[in-house]
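So the structure is just underneath, and the comments pick up after that.
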Amino acid sequence: MSDKVKKLNTSTIRRMKVNREPIAMITAYDYPSAKLAQEAGADILLVGDSLGMVVLGYDSTIPVTLEDMIHHSKAVTRGADHCFVVADLPFATYHGSIDRTIANAARLMQEGRVHALKLEGGAEIAEHVEACVRAGIPVMGHIGLTPQSVLQLGGWKIQGKSLEQAEKLVQDAKALEQAGAFSIVLEMVPEELAAHITEQLTIPTIGIGSGRYCDGQVLVYHDVLNYATPIKPRFVKQYADIGSTVQTAIAQYVSEVKNRKFPGEENVYHNDEGVIDQLKHNSSAGDENPR
Ligand SMILES: Nc1nc(=O)c2c([nH]1)NC[C@@H]1CN(c3ccc(C(=O)N[C@@H](CCC(=O)O)C(=O)O)cc3)CN21
Ligand SMILES: CC(C)C(=O)C(=O)O
Ligand SMILES: [Mg+2]
């Protein structure tokens, strides 16, 4: 199925905005999630640092390391050979020298084998975005609610409600476009402001909790499936209830083990007739002739 679909690149992703074709992005964190999301027709897979929360059990994305991102990116790119894969550069890995940013970015690209990186922040990180782009690394921007700054933002709150904040977000979006980003995630931005930013840019916006008028949408895999996710923001739509499916199935397995219903005849392997009789005979013969 997927060999008919041409693999996207930064040019074809930009063209989707021009053609008004919505971009469907979803996170993936491992081989099965990547494989299923690719086969389901997702345009872009994001190895999000949200993996810290939905896979590793941290209470924010801040503890996630570059090694964590590399480890999961490797699994995703093995599972999805055909999707365009973007990975988050994690907390504080692109805020020192330009050299350090490029060294960290290069590791995630080369070891994780992803096709682009996502960096949180606006004008203040534009020179780091520009340096990555100069090095041949496609960059996706991310503004609005930037979870790596949750301790400064004072919580996971909507961003850009006031005129002052809205003006700053427009300037940040333009700075990222100017720096060479090929698209920008808008997270938790009011729908009206997200629509305005989308109109102001030539690169596509991909929204999460930012309303209907972005050029694309992104959601967290575990949120879409209701798969043991610790939080349920209002912007999430659950398209399945995998968590309860998984729990019910495992409870049935446990119960069948306890009741000796599993394994059944269909799950077991047998010796050929006579083998075990011979084995018993031989071992009892051994007992009669101790050394
Ligand atoms: N499972 C999961 N889904 C996500 O979308 C997600 C993560 N984890 N981890 C990283 C960030 C953090 N995000 C979050 C986390 C919480 C809210 C939240 O609690 N929102 C509330 C209050 C909004 C408000 O009133 O300001 C909501 O109901 O939307 C939003 C985004 C989005 N990202
Ligand atoms: C929610 C998306 C945009 C993200 O950054 C993540 O999953 O880490
Ligand atoms: Mg992220």
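For ligands, and for the atoms within them, numbers begin at 1 and follow the listed sequence. Worth saying up front: this structure is predicted, and the values here are computed from it rather than measured.
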Below the 3.5 angstrom mark, is there an N/O of Ser50, backbone or side chain, next to an N/O of ligand 1?
no
Under 4.0 angstrom from ligand 1, any heavy atom of Met188?
yes
Test side-chain contact (heavy atoms from CB on, under 4.5 Å) applied to Glu256 - qualifying residues, sequence neighbours left out:
Gln252, Lys261, Phe262
At their closest point, which heavy atom of Ile23 faces which heavy atom of Ile44, and how far apart are they?
CG2-CD1, 3.8 Å
To check your reading of the model: name the closest protein heavy atom to atom 18 (C) of ligand 1, its residue, and the distance in Å.
Trp156 O, 3.8 Å
Do any non-hydrogen protein atoms sit less than 4.0 Å from atom 31 (C) of ligand 1?
yes
Which protein N or O atoms sit under 3.5 Å from any N or O of ligand 2? Give each pair with its distance.
residue: ligand 2; atom: 5 (O); partner: Asp88; partner atom: OD2; Å: 3.3
residue: ligand 2; atom: 5 (O); partner: Lys118; partner atom: NZ; Å: 2.7
residue: ligand 2; atom: 7 (O); partner: Ser50; partner atom: OG; Å: 2.6
residue: ligand 2; atom: 8 (O); partner: Asp49; partner atom: N; Å: 3.1
residue: ligand 2; atom: 8 (O); partner: Asp49; partner atom: OD1; Å: 2.8
residue: ligand 2; atom: 8 (O); partner: Ser50; partner atom: N; Å: 3.0
residue: ligand 2; atom: 8 (O); partner: Ser50; partner atom: OG; Å: 3.3
residue: ligand 2; atom: 8 (O); partner: Asp88; partner atom: OD2; Å: 3.0

Using a strict 4.0 Å cut-off to heavy atoms of Val54, name the atoms of ligand 1 that fall inside it.
1 (N)
Show me which atoms of ligand 1 lie under 4.0 Å from any heavy atom of Val220.
1 (N), 2 (C), 3 (N), 4 (C), 5 (O)
Nitrogen or oxygen of Thr61 less than 3.5 angstrom from that of ligand 1:
no
Might you work through the salt bridge (charged side-chain N to carboxylate O under 4.0 Å, His left out) test for Glu111 and Lys74, ending with a clear yes or no?
CA-CA 7 Å; Glu111 297 178 43; Lys74 282 176 163 174; 5.0 Å; no
Select one of side chain, backbone, both or neither to describe which atoms of Pro233 lie under 4.0 Å from any atom of ligand 1, heavy atoms only.
both
I'd like to check which ligand 1 atoms, numbered from 1 as shown, lie under 4.0 Å from a non-hydrogen atom of Thr229.
1 (N)
Test side chain to side chain contact (heavy atoms under 4.5 Å, CB included) on Gln217 and Ile206; report intermediate values, then the result.
CA-CA 5 Å; Gln217 296 288 331; Ile206 300 178; 5.6 Å; no
Close-contact set for ligand 1 against Ile158 heavy atoms, below 4.0 Å
26 (O)
So which protein N/O/S atoms does the Mg ion (ligand 3) have within less than 2.8 Å?
Asp49 OD1, Asp88 OD2
Say whether Arg234, considering both its backbone and side-chain N or O atoms, lies within less than 3.5 Å of an N or O atom on ligand 1.
yes
What residue and heavy atom of the protein are closest to atom 13 (N) of ligand 1, and at what distance?
Glu187 OE2, 3.5 Å
Phe235 neighbourhood, listing ligand 1 atoms whose heavy-atom distance to it stays under 4.0 Å
5 (O), 30 (C), 31 (C)
With Val139 as reference, evaluate Ile184, Leu89, Leu119 under the side chain to side chain contact (heavy atoms under 4.5 Å, CB included) test and give the passing residue.
Leu119
Write down the atom of Tyr29, the atom of Leu51, and the distance for their closest heavy-atom approach.
CD2-CB, 3.3 Å
Considering the heavy atoms of Lys157, write down every atom of ligand 1 situated less than 4.0 Å from one of them.
26 (O)
Determine, for Glu192 against Lys161, whether the closest basic-nitrogen to carboxylate-oxygen distance falls under 4.0 angstrom.
no
From atom 8 (N) of ligand 1, is the closest protein heavy-atom distance below 4.0 Å?
yes
If you group Ile, Leu, Val, Met, Phe, Trp and Tyr whenever their side-chain heavy atoms sit less than 4.5 Å apart, what else falls in with Tyr31?
none
Would you mind running through ligand 1 and noting each atom that sits below 4.0 Å from a heavy atom of Ile208?
5 (O)
Provide, to 0.1 Å, the distance between atom 2 (C) of ligand 1 and the closest protein heavy atom, together with that atom's residue and name.
Asp223 OD2, 3.4 Å
Which protein heavy atom lies closest to atom 11 (C) of ligand 1, and at what distance to 0.1 Å?
Pro147 CG, 3.6 Å
